[in-house]
There are 2 protein chains.
Amino acid sequence: MPRVSQADAKRRELLPVVAGAFAELGYRRVTTAELAERCGVRENILYRLWADKKSMFIAAIEYVYDLSEKIWAELFGPKATGSSAERLLEYESKHLGEFGHSRIIFAGLSEADDPDIRKALARMYARYQKFVLEQVTAHRDAHTPAGKADAAMAAWALVGLGTVVTITKELGLLKERDRVHLLAEMGRRLLD
Amino acid sequence: MPRVSQADAKRRELLPVVAGAFAELGYRRVTTAELAERCGVRENILYRLWADKKSMFIAAIEYVYDLSEKIWAELFGPKATGSSAERLLEYESKHLGEFGHSRIIFAGLSEADDPDIRKALARMYARYQKFVLEQVTAHRDAHTPAGKADAAMAAWALVGLGTVVTITKELGLLKERDRVHLLAEMGRRLLD
DNA sequence: CGATAATGTAAGTGAGCACTTACGCTGAGT
DNA sequence: ACTCAGCGTAAGTGCTCACTTACATTATCG
């Protein structure tokens with residue numbers, strides 16, 4: 001048996017670059033040639049790692065979400081000041097959009113009639129809301145308990161708040177200061 | 001002088017069809033051939049009405065926003081029950097996304113590094129927030145007055161709420177019932 | 001009528017792009 | 001040292017798409 005495959009390692013190595021390209025440019029604007037160049041390999045190498053461009057995009061979606069979740073997980077580790085939800089708000093107000101999380105959603109949404117992309121996108125968005133929901137309920141148990149349904153609604157509204165803040169950033173509609181303020185003030189109102 | 005140009009009339013006639021295509025499919029997925037077919041004309045006719053595909057898209061953005069605004073204007077006409085903001089919430093909870101308003105934003109956002117498209121998009125989004133803001137302040141003057149800055153923040157948060165509801169609809173993440181509930185409940189919380 | 005510009009039809013054109021093929025090199029197992 | 005799969009390079013291939021060109025027809029004015 002000659003040589004063992006390094007495909008998995010290579011995939012892990014290139015995925016951040018691929019995800020970066022999609023988050024930056026969107027699906028259609030990213031060409032496979034562009035991907036190959038950014039990765040420093042030829043196109044057919046990408047095609048040995050993934051079946052087609054769509055698979056690369058879906059892998060990127062998952063990668064981006066895993067990454068944000070990992071970062072969040074650190075935030076809610078052992079050392080805690082204030083409730084988790086409060087820290088999430090504070091963190092997001094500072095770093096929103098940095099990892100292309102929302103950007104890749106918009107890219108996907110305009111391809112939303114492709115069933116595979118839809119599925120990947122929906123899974124990611126639902127996971128996002130679920131994560132926020134956990135923080136909301138944790139926060140409320142500690143402070144002001146409320147209905148379960150209401151917590152879920154609040155979580156969705158918070159996701160929406162994050163989304164609009166990202167859009168205003170993307171389009172240059174609000175200053176950094178105002179964005180932070182918006183997320184903090186309205187976030188608190190929704191949280192309680 | 002032979003024959004007077006009908007170009008303006010033709011533009012007005014075709015714009016709804018063009019906008020519909022973009023709202024449905026996004027920018028990249030719409031081909032000029034597709035546009036021509038939907039409009040029942042040849043491609044070069046479209047090119048006599050607009051300089052290029054980008055101009056068609058920008059015209060569509062403006063058209064879609066004008067349309068929603070017109071519909072809203074009717075809502076806030078002479079006959080009034082409850083505050084305008086309350087009616088806006090109720091209306092949006094039922095008809096959200098129907099006119100492709102949000103869909104076209106997502107399409108544009110993934111093309112957001114084209115400066116012309118950015119500008120058109122930013123103008124539209126800012127107008128949207130301004131409109132919501134007017135409703136919020138009108139509502140608050142009548143009920144519970146609050147700071148100006150806070151009203152602006154609340155307006156942005158409401159825009160975000162609308163956006164997340166559209167996304168959940170687009171991705172099939174919430175049932176109709178829940179979406180209406182989300183918009184109504186959280187909308188009210190942000191409004192006051 | 002006859003000149004002229006608007007309107008329409010039909011057939012390109014050339015560039016970009018997703019994806020493929022052909023082939024040479026490398027290095028672990030026997 | 002020979003084999004054979006993994007890995008890499010280079011050059012296509014065929015298709016789609018934004019945009020154009022050439023030319024026929026029509027309507028309005030003097």
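Quick note on labels: first sequence line is chain A, next is B, and so on, each numbered from 1.
Using the six-membered ring where Trp is involved, B:Tyr27 and B:Phe22 have ring planes that are parallel, under 30° apart on the 30 and 60° scheme. Note: A:Phe106 and B:Phe106 have parallel aromatic rings, judged against thresholds of 30 and 60 degrees for the angle between ring planes.
Residues A:Thr163 and A:Tyr125 bring a donor and an acceptor atom of their side chains to less than 3.5 Å of each other.
The main-chain N or O of A:Leu191 is found under 3.5 Å from a side-chain atom of A:Arg140 such that the two form a donor-acceptor pair. Proximity of a side-chain donor or acceptor of A:Arg189 to a complementary backbone N or O of B:Asp192 within less than 3.5 Å is detected. Between the A:Arg28 side chain and the B:Arg28 main chain, no donor and acceptor come within less than 3.5 Å of each other.
Within residues 29-38 of chain A, no residue has any heavy atom closer than 4.0 Å to DNA chain D. Within residues 6-15 of chain B, the residues having any heavy atom closer than 4.0 Å to DNA chain C are, in order of number, B:Gln6, B:Ala7. For the segment residues 47-59 of chain B, the set of residues with a heavy atom within less than 4.0 Å of an atom of DNA chain C comprises B:Arg48, in numerical order.
D:dG12 atom P lies 15 Å from atom CG of A:Asn44, rounded to whole Å. What separates CD of A:Glu43 from C1' of C:dG16 is a distance of 11 Å, to the nearest Å. Summarising the geometry, the separation between CD1 on A:Ile45 and C1' on D:dT9 is reported as 8 Å, rounded to the nearest angstrom. Between A:Arg42 atom CZ and D:dG6 atom P there is a gap of 22 Å when expressed in whole angstrom units. Here D:dA18 presents its P atom at 9 Å from CZ of B:Arg28, a figure rounded to the nearest Å.
Between A:Cys39 and A:Leu14, the shortest heavy-atom contact is CB-CD2, 3.8 Å.
Using a cutoff of 4.0 Å between basic side-chain nitrogens and carboxylate oxygens, B:Arg127 and B:Glu62 are not scored as salt-bridged.
A cation-pi arrangement, defined by a distance under 6.0 Å to the six-membered ring centre and an angle within 45 degrees of its axis, is absent between A:Lys53 and A:Tyr47.
In the hydrophobic clustering of this structure, A:Leu133 does not group with A:Trp156; members are Ile, Leu, Val, Met, Phe, Trp, Tyr whose side-chain heavy atoms approach within less than 4.5 Å, directly or through other members. Follow the hydrophobic side-chain contacts under 4.5 Å out from B:Met153 and you never reach A:Val180; the two are in separate clusters.
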